[in-house]
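Report on one structure; see the data block that follows.
Every heavy atom of this structure was used, including side-chain atoms; hydrogens, water molecules and symmetry mates were not. In what follows, every chain begins at residue 1, and chains take the letters A, B, ... in the order their sequences are listed.
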Amino acid sequence: MSKPASAGFRLFNTLTRQKELFNPIEAGKVGMYTCGPTIYDYAHIGNFRAFVFEDLLKRWLQHQGYSVNHVMNLTDVDDKTIKGSQKQAKPLREYTDFYAKAFFEDIKALNIEPATVYPRATDHIPEMVKLIKTLLAKGVAYRGEDGSIYFAISKFPEYGKLSHLRVGELKAGARVSQDEYAKEEAQDFALWKTWTPEDGDVFWETELGKGRPGWHIECSAMSMRYLGETFDIHCGGVDNMFPHHENEIAQSQAATGKPFVHYWMHNEHLLVEGKKMAKRSGNFYTLRDLLAKELDPLAIRYLLLSTHYRQQFNFTFEGLDAAKGAIERLANLQRRLKDANGSGSPEKLAEITARAQTCFREAMDDDLNVSVALAALFDFVREINNLLDANALSKTEAAQASAAVADFDKVLGVVPQSKEETLPAEAEELIQKREEARKAKDWKTADAIRQQLKTMGITVEDTAQGVRWKREKA
RNA sequence: GCUGGGGUGGCCGAAUGGUUCAGGCGACAGCCUGCAGAGCUGUUAUAUAUGGGUUCAAUUCCCAUCCCCAGCUCCA
């Protein structure tokens with residue numbers, strides 16, 4: 001294992017509210033847990049902002065040589081999944097499988113690299129039961145009057161440390177009241193929910209009784225199972241900070257007596273056309289909604305990526321257009337580089353490449369400052385285009401420049417890949433015919449053929465190196 | 001109510017106590033091209049919510065005001 005060049009990676013740790021130098025527990029390796037989707041519906045673009053941010057983080061770590069063990073849970077049992085499955089009269093598993101599959105299709109479209117493992121809550125009931133038993137044995141959990149098991153936050157003095165909320169100052173919410181009678185303290189949260197008729201056939205017979213796990217316990221149980229009792233990074237949306245992550249810390253540390261997570265990272269929400277995005281308020285878009293509008297998934301990725309993750313940002317269709325233009329600029333450069341065959345300027349190329357790489361790395365090392373990293377990339381693009389205009393890149397150098405762009409894109413994942421696709425024979429023929437017409441300076445015929453190709457979804461461009469074509473997205 | 005984030009050019013979005021405040025998108029013009037496309041150059045751009053204060057110097061620090069957004073029990 002080569003020494004990761006991560007000596008400078010600093011990330012903002014919610015726990016300390018400061019940028020800190022990242023130091024892994026084990027050299028060269030990172031254990032990372034990210035709160036995944038609740039698979040009761042299609043995920044929306046707000047969900048994907050979190051997943052794209054986490055993907056960027058992981059790619060950056062990997063780019064520095066780390067081997068990343070990435071765990072993303074799938075929540076497949078809670079009130080909403082139970083209700084949803086009952087509504088469709090399907091077994092819980094069949095119901096959640098459907099949305100799990102959709103989720104995997106979505107992240108693939110967004111060029112999100114798969115996690116190492118996607119544990120599902122319902123596959124880890126024994127781990128949760130074991131953890132709850134430990135908490136009961138330690139006296140930090142208790143059985144309420146309704147038979148459910150609760151965590152006693154009064155037994156965990158550090159409660160509130162992550163979110164900086166003081167328990168006594170929480171807003172008196174109406175939602176607390178309904179099962180308040182069963183708990184000793186209003187803020188105690190359920191570890192194990194005893195079965196009620198509304199749960200139908202969703203229950204597990206365990207040593208804790210007939211019931212199902214609470215939401216928070218799954219993340220503690222599964223992260224410990226796959227990453228150990230203490231691991232490096234835990235990510236999630238800001239909304240999860242309290243109470244979910246706070247509860248995870250309480251459960252985990254109360255059980256093990258060890259620190260749970262070294263670095264907590266939270267991404268801000270996005271707004272859609274200036275308004276908060278939420279599943280219930282109906283102003284949300286799933287990825288599928290956007291793809292149905294023929295929008296480019298990589299442009300969506302670019303847009304979600306291009307604003308710093310701790311910054312709230314406004315998702316607009318105008319922004320999507322801009323993103324589309326930006327990634328096309330990158331793709332165009334890559335296509336141009338393929339045809340280059342100029343005189344060569346090795347020193348110049350080495351200089352601008354090194355500068356771009358340094359700027360890019362320093363920006364990303366600074367808590368993933370992707371805006372500055374992108375600026376470095378686009379400066380590079382302009383300089384390479386300048387060299388191409390001067391016909392000053394040899395074939396080899398063009399390949400090097402192209403490899404440099406590809407290397408940046410290993411982190412960003414936004415450059416459309418020019419597929420080595422072939423044209424139908426019919427189109428090849430037309431292009432040939434047009435070339436003949438152009439040679440004969442028969443512009444009328446040439447333009448007519450170009451128009452004809454366009455209706456076939458093929459755009460031709462005449463360059464100094466000959467004719468070039470690209471497929472337009474239908 | 002309590003806590004926190006933010007208001008930068010037509011739009012999106014960086015950065016900074018001090019040479020002209022990144023980058024992308026858009027629009028317009030020029031170059032190139034048979035035309036177009038791509039690309040380059042220039043313009044739009046003497047843009048930092050408002051009013052005070054500190055300072056030799058503030059967009060950056062402080063105070064006040066206005067506006068936007070979020071969290072406060074299961075929503076990324």
Within a strict 4.5 Å, meaning less than it, do heavy atoms of the A/His244 and A/Asn247 side chains meet?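 No - every pair of side-chain heavy atoms lies 4.5 Å or more apart.
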Heavy-atom side-chain contact between A/Trp192 and A/Ile217 under 4.5 Å: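 No, side chains not in contact.
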Between A/Glu248 and A/His234, a side-chain donor and acceptor under 3.5 Å: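 Yes, because at least one side-chain N or O of A/Glu248 sits under 3.5 Å from a partner of the opposite role on A/His234.
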Parallel, tilted or perpendicular: which describes the rings of A/Phe151 and A/Phe156, with under 30° parallel and over 60° perpendicular?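 Ring orientation, 0 to 90° scale: perpendicular.
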Please work out if [X] contacts a base, only the sugar-phosphate, or nothing of the nucleic acid, heavy-atom cut-off 4.0 Å.
X: A/Ala375; result: base
X: A/Asp79; result: nothing
X: A/Phe189; result: nothing
X: A/Leu388; result: nothing
X: A/Asp239; result: base

Distance in angstrom units between [X] [atom1] and [N] [atom2], rounded:
X: A/Leu162; N: B/U3; atom1: CG; atom2: P; answer: 19 Å
X: A/Arg17; N: B/G4; atom1: CZ; atom2: C1'; answer: 8 Å
X: A/Leu305; N: B/A76; atom1: CG; atom2: P; answer: 20 Å
X: A/Tyr302; N: B/C25; atom1: OH; atom2: P; answer: 8 Å
X: A/Met241; N: B/G5; atom1: CE; atom2: C1'; answer: 11 Å
X: A/Asn240; N: B/C72; atom1: CG; atom2: P; answer: 10 Å
X: A/Leu271; N: B/C69; atom1: CG; atom2: P; answer: 8 Å
X: A/Leu374; N: B/C25; atom1: CG; atom2: C1'; answer: 13 Å

What protein N or O atoms touch nucleotides 16-20 of chain B N or O atoms at under 3.5 angstrom, if any, and at what distances?
none

Do the side chain of A/Trp195 and the main chain of A/Gly200 share a donor and acceptor less than 3.5 angstrom apart?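 Yes.
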Any donor and acceptor pair, going by atom type alone, linking the side chain of A/Arg120 with main-chain N or O of A/Asp76 inside 3.5 Å?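 Checking the backbone N and O of A/Asp76 against the side chain of A/Arg120, no donor-acceptor pair under 3.5 Å is found.
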If we call it a pair only when both distances are under 3.5 Å in a Watson-Crick or G-U wobble match, what pairs with [N]?
N: B/C61; value: B/G53
N: B/C66; value: B/G7
N: B/C72; value: B/G1
N: B/C35; value: none
N: B/U44; value: B/G26

Reading nucleotides 29-44 of chain B from 5' to 3' and marking B where a protein heavy atom lies under 4.0 Å of the base, S where only the sugar-phosphate is that close, and - otherwise, the string is -----BBBBSSSS---
Would you give a per-nucleotide map of nucleotides 9-14 of chain B, 5' to 3', where B means the base has a protein non-hydrogen atom under 4.0 Å away, S means only the sugar-phosphate does, and - means neither? --S-SS
Would A/Phe189 and A/Tyr150 satisfy ring-ring contact (aromatic ring centres under 6.0 Å, His included), going step by step from the backbone distance to the final call? CA-CA 5 Å; A/Phe189 58 91; A/Tyr150 297 94; 8.8 Å; no
Rounded distance in Å between the [atom1] positions of [N] and [M]:
N: B/U46; M: B/U20; atom1: C1'; value: 9 Å
N: B/U8; M: B/A15; atom1: C1'; value: 11 Å
N: B/G7; M: B/U60; atom1: P; value: 11 Å
N: B/A47; M: B/U59; atom1: C1'; value: 10 Å
N: B/U19; M: B/C31; atom1: C1'; value: 31 Å
N: B/U54; M: B/A22; atom1: P; value: 30 Å
N: B/U16; M: B/U73; atom1: P; value: 35 Å
N: B/U50; M: B/C25; atom1: C1'; value: 29 Å

Are the ring centres of A/Phe103 and A/Tyr99 closer than 6.0 Å?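 A/Phe103 vs A/Tyr99: aromatic centres not under 6.0 Å.
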Examine A/Phe360 together with A/Phe380 and report whether their ring centres are nearer than 6.0 Å.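 Ring centroids of A/Phe360 and A/Phe380 are no less than 6.0 Å from each other.
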Applying the 5.5 Å / 30° rule, does A/His269 stack onto the base of B/A76?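 The ring of A/His269 is stacked on B/A76.
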side-chain contact (heavy atoms from CB on, under 4.5 Å) for A/Leu11 and A/Leu368? Distances and angles first, verdict last. CA-CA 7 Å; A/Leu11 49 78; A/Leu368 304 179; over 6 Å; no
Strand contacts (RNA chain B) in residues 214-223 of chain A, 4.0 angstrom heavy-atom criterion: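 Heavy-atom contacts with RNA chain B come from A/Trp215.
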How many angstroms lie between atom CZ of A/Arg310 and atom NE2 of A/His266, to the nearest 0.5 angstrom?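 The NE2 atom of A/His266 is 12.0 Å from CZ of A/Arg310, to the nearest 0.5 Å.
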List the atom pairs, donor and acceptor, that lie under 3.5 Å between side-chain atoms in residues 311-320 of chain A and the rest of the protein, sequence neighbours left out.
unit_1	atom_1	unit_2	atom_2	d
A/Asn314	OD1	A/Glu273	N	3.1
A/Asn314	OD1	A/Gly274	N	2.7
A/Thr316	OG1	A/Gly319	N	2.9

Verify side-chain contact (heavy atoms from CB on, under 4.5 Å) between A/Leu412 and A/Leu374, making sure each step is shown before the conclusion. CA-CA 9 Å; A/Leu412 301 169; A/Leu374 285 171; 3.8 Å; yes
Apply side chain to side chain donor-acceptor pair (under 3.5 Å) to A/Glu113 and list each qualifying residue two or more places apart in sequence or on a separate chain.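 Per chain and number, A/Glu113 pairs via side chain to side chain donor-acceptor pair (under 3.5 Å) with no residue.
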Around atom NZ of A/Lys19, are there more than 12 heavy atoms from other residues, nucleotides or ligands closer than 6.0 Å?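 More than 12 heavy atoms, drawn from other residues, nucleotides or ligands, come within 6.0 Å of this atom.
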Might you work through the side-chain contact (heavy atoms from CB on, under 4.5 Å) test for A/Glu105 and A/Lys101, ending with a clear yes or no? CA-CA 6 Å; A/Glu105 288 165 4; A/Lys101 185 165 169 277; 3.3 Å; yes
